[in-house]
Amino acid sequence: MGKKIAIYGAGTIGACQATLTSGNGYSTVVIGHSEEGLSRCRNTMLQNWNDLIAQKLATAANRRAAMDLVTITNDVSALRDCDIVFEAVSEDVNIKQRVYSIITEVCGRDIIVVSTTSSIDAAILAEKIENPARFLIAHPFQPVHMLPLVEVVRHTETSEETLNQVCTLLKDLNRQVVMLNRSVPGFLVNRFAQALFRESIYLIEQGITTAADIDRAIKYAVGMRYASIGLLEYYDAVGFELERAIALNVYPDLCDTKSIQKTTLVGIASGRTGQKAGQGLYDWSEKDEDDFRYRKQAPYFEGVRQWHMPE
Ligand SMILES: NC(=O)c1ccc[n+]([C@@H]2O[C@H](COP(=O)([O-])OP(=O)(O)OC[C@H]3O[C@@H](n4cnc5c(N)ncnc54)[C@H](O)[C@@H]3O)[C@@H](O)[C@H]2O)c1
Ligand SMILES: O=C(O)[C@@H](O)[C@@H](O)[C@H](O)[C@@H](O)CO
């Protein structure tokens with residue numbers, strides 16, 4: 001500990017990353033770029049704490065102490081004495097490049113910059129920063145302050161020292177780190193997710209089943225099984241002979257389209273784009289938003305007991 005952490009970007013990821021770092025006793029600076037953004041960030045952080053307090057995982061004193069460790073500001077000079085900057089601005093290479101120039105200007109070229117990008121290649125981002133040896137990606141998952149996995153993606157010029165410092169910090173934050181030695185689109189988890197999304201939409205479009213039944217299958221088989229054993233432990237447990245027989249039957253029938261599917265295109269054209277629009281694969285007007293937020297966090301509550309919360 002003792003490090004001062006900065007998070008550049010006051011959106012969804014910035015607010016939750018700041019909840020995690022300050023909730024573990026780190027002084028944290030969040031850089032935004034609008035007044036509304038700053039108050040939205042503060043409100044998201046308070047909502048995160050209130051959810052933890054409602055579960056009796058934190059107290060009002062923890063919330064106050066953690067919020068006291070946080071500076072949320074539009075003033076980039078607040079970055080000056082930080083040791084490491086998590087970049088969490090919009091998923092746009094040009095915006096990220098502008099932000100890297102500002103960080104280097106304020107902090108010097110030895111500052112460690114960690115991008116939270118979901119999809120931009122590490123080599124592309126590394127080209128946009130003055131000192132690529134001090135740059136890598138650490139891709140988190142929502143809800144970022146609670147879900148433990150972080151995919152660390154290095155590129156050819158990332159120094160060992162940078163990698164070690166970032167991994168040490170992530171481990172101190174009780175993160176489970178997986179490492180990619182080079183960038184591939186979607187890293188690991190979004191590759192798995194896209195394969196499942198594509199197949200699920202295909203099955204619905206073929207009239208084979210419904211969104212609700214796909215989600216039941218995921219929750220009560222895939223989710224529950226792989227919560228306690230690994231996917232590849234399971235593969236070995238079944239054995240290669242049976243998996244070969246199943247693959248010979250299933251591979252030829254799997255969806256392999258390279259195009260965006262009709263359901264998604266029609267949804268976008270008609271404004272039925274998902275939860276925020278009230279309608280997507282589900283009718284969200286029929287769903288309870290608080291219950292969904294609770295269910296989204298529920299698997300991770302136990303992990304919060306390991307936080308080193310300030311008091
Ligand atoms: N939302 C997710 O599920 C998720 C998960 C993991 C990683 N990520 C990645 O995290 C990053 C941030 O995503 P998000 O979901 O928080 O987006 P967001 O839109 O909620 O937040 C991005 C923030 O960046 C700010 N911003 C834009 N230009 C800026 C600038 N020049 N200076 C300062 N701030 C600027 C925006 O105002 C906004 O507050 C992206 O790279 C995204 O791919 C997102
Ligand atoms: O699952 C997540 O939280 C991340 O992988 C994100 O990067 C990504 O944007 C997804 O939410 C989109 O499915």
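In listed order, ligands and their atoms are each counted from 1.
Tyr300 and Phe141 have their aromatic ring centers separated by at least 6.0 angstrom.
Listed as neighbours of ligand 2 are Ser118, His139, Phe141, Gln142, Asn190, each bearing a heavy atom under 4.0 Å from the ligand. Sorted by chain then number, the residues whose non-hydrogen atoms approach ligand 1 to under 4.0 Å are Tyr8, Ala10, Gly11, Thr12, Ile13, His33, Ala88, Val89, Ser90, Glu91, Ile95, Lys96, Thr116, Thr117, Ser118, His139, Pro140, Gln142.
Between Glu302 and Arg305 there is a salt bridge, since at least one side-chain N of the basic residue sits less than 4.0 Å from a carboxylate O of the acidic one. Residues Arg295 and Asp291 are paired through a salt bridge, judged by an N-O separation under 4.0 Å between the basic side chain and the carboxylate. A salt bridge is absent between Lys4 and Asp83: the closest approach of a Lys/Arg side-chain nitrogen to an acidic carboxylate oxygen does not fall below 4.0 angstrom.
Thr116 and Gln17 share no donor-acceptor pair across their side chains, judged by distance under 3.5 Å alone. Under the 3.5 Å distance criterion, with hydrogens and angles disregarded, a donor-acceptor pair is assigned to the side chains of Thr117 and Glu91.
Distance alone, capped at 3.5 Å, is enough to place a donor-acceptor pair between the Thr104 side chain and the Tyr100 backbone.
Of the listed residues (Leu136, Leu163, Val150, Val153), just one forms a side chain to side chain contact (heavy atoms under 4.5 Å, CB included) with Met179, and that residue is Leu163.
Rounded to the nearest 0.5 Å, atoms CD1 (Ile7) and CG (Leu79) are 11.0 Å apart.
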